[in-house]
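Single-structure report; data block below.
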Amino acid sequence: MESSRPLLSLDALTTGYQRMQVLSGLHLTVNPSEIVSIIGPNGAGKSTVLKAIYGFLAPWEGVVRFRGEDISHLPVVARVKKGMILVHQNDNIFSGLTLHENLEMGGYLIARGSLLKERIDSVYEQFPFLYKKRRQAARVLSGGERQLLAIGMALVSEPELILLDEPSMGLAPRMMARIFEWVGRIHEMGKSILMVEQNARQALAISHRGYVLDLGKNRFEGRATDLLEDPKVLSLYLGGENSHENL
Amino acid sequence: MTIFFQSLLDGLIAGSIYALFAAGLTLVYGTLHFINFAHGELIMAGAFLAYLFMMPPLLLSPLLSGIFAVTGVVLLALLMDKTVFSRLRNANPLLLLIASLGLSLLLQNLAQVLWGAKIRAFPFPLQRGKVFGPVVITSVQITILWVAALTIFLLYLFLKFSRIGKAVRGVADNPVLAKTFGVESEKIIRIVWVVAAILAAVGGILVAADTNLEPHMGIVNLVRAFAAVLIGGAGNVWGALIGGFIIGLSENLGVLLLPIGYKDAIAFFIIILILLFRPEGLFGTRWGVR
Ligand SMILES: Nc1ncnc2c1ncn2[C@@H]1O[C@H](COP(=O)(O)OP(=O)(O)O)[C@@H](O)[C@H]1O
Ligand SMILES: [Mg+2]
């Protein structure tokens with residue numbers, strides 16, 4: 001896997017908001033069929049990495065490559081068409097639209113109605129509760145259900161790479177476990193996943209590799225199992241039992 | 001009792017037109033987040049363009065005049081967006097509001113230069129009303145009712161069932177998320193202007209057919225539309241439609257209790273009441289553009 005061309009790679013990426021620099025010379029790769037986690041403290045710039053990959057932020061320096069192609073200056077819509085989708089940390093559903101309409105928005109770029117319907121039906125098969133509530137406005141969903149809807153919306157577009165921003169945030173432990181289980185299943189469907197998590201242990205437990213980000217810089221990287229055992233990572237970023245749970 | 005039913009009918013007719021004005025105004029508010037004062041002048045332009053096509057030397061049929069007028073107003077709205085509003089896309093809403101106020105005054109004055117301040121009417125033959133039980137209705141009024149109903153129905157089909165219509169609602173609901181799925185907001189904004197302009201122009205032609213037209217007709221109708229938008233909850237299309245009917249009915253039933261001179265004040269009165277007691281509207285903004 002290491003030898004094949006990476007699906008996504010960030011090369012010395014520097015960017016930020018207006019005048020405020022957030023990321024400094026960041027390196028990161030995601031290989032085909034990999035789950036990669038980015039962990040790090042609040043405000044480290046994890047969400048900013050995903051926004052830069054997705055085109056919400058333009059790079060100040062450095063390059064974003066997807067399947068080897070420089071996509072640094074493509075607009076969001078062009079990146080979606082290339083096969084990636086971002087699941088936001090917050091506000092990741094259309095609360096006033098019905099569940100069905102939410103899924104249709106997930107497949108907005110699928111022009112053929114029959115194909116869209118097919119994709120939505122397959123999401124309904126995986127998440128039967130979405131089908132049961134398909135005519136209700138999405139605002140009625142609980143936090144965990146919202147997260148699953150957001151993942152379902154991402155699946156409709158059949159992306160190759162899913163960027164997940166803190167999918168377990170604010171969820172009860174049981175729901176959290178369900179979300180991580182789903183991440184695993186989506187991986188089994190053959191998708192690559194780049195996931196940002198506060199819940200570092202659980203994220204690393206299902207990941208192949210991980211990056212530790214602090215103050216917008218790469219601090220540690222490696223196989224997830226190695227990071228989970230690295231004493232420095234343990235004490236600095238995974239310290240204290242359940243230290244992440246209430247963030 | 002007869003006068004009550006007659007006022008009810010008149011209120012429904014007026015309300016169906018105000019509903020069109022309000023739906024367009026709230027649609028623009030829901031996606032661009034400012035109250036477009038020049039919406040009144042889209043209404044006025046619809047009426048005047050239709051008048052222009054119906055009168056000598058062109059003397060086109062009302063239907064053809066209407067179609068050309070609506071097309072002209074759509075182009076006017078797109079021009080307004082291109083020259084003014086698109087340059088202020090991420091500006092403070094107050095700035096947008098003031099820019100739209102400026103456009104509104106400019107267009108009113110332009111209309112006054114072209115047509116003068118005289119009150120005009122469409123060149124329809126004098127109407128003899130048909131009697132239906134307790135009420136009298138003219139054939140023009142019957143046409144107004146079904147054109148308004150058809151327009152509202154088409155708006156519903158567009159927003160509820162078309163791919164672009166759903167994207168309009170998506171952008172109004174959560175613009176960042178819409179962009180995430182590949183919706184290009186500039187394209188959606190242009191669609192919103194087209195739809196708002198069609199609603200304003202159709203309504204403007206209908207209101208001129210029901211009453212008359214003059215260069216400042218936009219303002220009084222904008223106030224009614226604004227009241228209806230507030231009743232429905234800003235950005236809420238279905239709420240605005242209902243709000244339009246509420247304004248039409250209160251104006252026409254209100255004059256049974258108040259001196260006729262107060263008719264135009266009723267919308268203002270409702271605006272004040274809503275802002276004081278229910279600024280989120282009767283149905284709440286939570287419906288959004290749905
Ligand atoms: N839209 C924004 N505008 C300005 N600064 C922002 C914005 N979003 C995030 N930031 C800042 O960028 C830094 C990194 O934020 P973020 O990437 O959200 O961190 P994380 O996801 O790791 O918690 C923080 O200092 C945050 O305040
Ligand atoms: Mg974050």
Side-chain angles (χ1 to χ4, degrees), chain A residues 18 47 50-51 53-57 74-98 100-113 116-117 135-140 146 149-150 152-157 159 162-165, chain B residues 23 26-27 29-31 33 89-92 156-192 232-242 280-290:
Chain A
Q18 284 93 44
S47 297
L50 298 190
K51 286 187 227 167
I53 294 169
Y54 208 65
F56 278 113
L57 289 174
L74 291 184
V76 171
V77 53
R79 301 187 198 207
V80 181
K81 283 180 183 162
K82 293 209 177 288
M84 60 169 82
I85 204 88
L86 168 64
V87 180
H88 290 271
Q89 179 174 352
N90 305 304
D91 286 332
N92 51 20
I93 58 169
F94 297 100
S95 57
L97 270 57
T98 66
H100 188 76
E101 289 167 344
N102 268 274
L103 293 173
E104 287 177 327
M105 286 302 288
Y108 176 73
L109 291 177
I110 302 170
R112 229 178 69 223
L116 178 62
K117 191 179 170 301
R135 284 191 237 281
Q136 297 182 34
R139 78 167 58 81
V140 306
R146 280 172 191 230
L149 172 60
M153 288 160 82
L155 290 177
V156 174
S157 68
I162 303 189
L163 309 168
L164 279 175
D165 198 346
Chain B
T26 213
L27 208 49
Y29 180 84
T31 41
H33 311 292
R89 214 50 108 207
N90 296 311
N92 182 331
Y156 169 77
L157 292 183
F158 169 72
L159 288 175
K160 193 68 194 164
F161 297 108
S162 80
R163 173 168 171 266
I164 298 290
K166 284 183 244 193
V168 167
R169 288 157 58 216
V171 168
D173 188 294
N174 189 336
V176 173
L177 191 58
K179 184 174 176 181
T180 302
F181 294 118
V183 179
E184 288 161 287
S185 61
E186 280 302 312
K187 190 172 139 195
I188 298 301
I189 287 170
R190 276 198 298 278
I191 302 277
V192 165
N236 182 336
V237 171
W238 314 137
L241 290 170
I242 296 169
E280 75 281 16
L282 297 188
F283 314 104
T285 44
R286 55 191 200 89
W287 276 13
V289 182
R290 328 258 121 103

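So that the names make sense, note that chain A is the first sequence line, chain B the second, and so on, each numbered from 1.
- Scanning for side chain to side chain contact (heavy atoms under 4.5 Å, CB included) contacts around B/Ser185 gives an empty result, with sequence neighbours left out.
- Residues of residues 78-88 of chain A having a heavy atom under 4.5 Å from any heavy atom of chain B, listed by number: A/Val80, A/Ile85, A/Leu86, A/His88.
- Within a 6.0 Å sphere centred on CZ of B/Phe158, other residues, nucleotides and ligands contribute more than 12 heavy atoms.
- Here A/Arg135 pairs with nothing under the side chain to side chain contact (heavy atoms under 4.5 Å, CB included) rule; sequence neighbours left out.
- Between A/Phe56 and A/Leu50, the closest side-chain pair of non-hydrogen atoms is not below 4.5 Å.
- If you tally non-hydrogen atom pairs under 4.5 Å between each of A/Met153, A/Glu104, A/Glu101 and chain B, the highest count goes to A/Glu101.
- Under the side chain to side chain contact (heavy atoms under 4.5 Å, CB included) criterion, B/Asn92 pairs with B/Leu94, B/Leu95, not counting sequence neighbours.
- Below 30°, between 30° and 60°, or above 60°: for B/Phe181 and A/Phe94 the angle between ring planes is between 30° and 60°, a tilted geometry.
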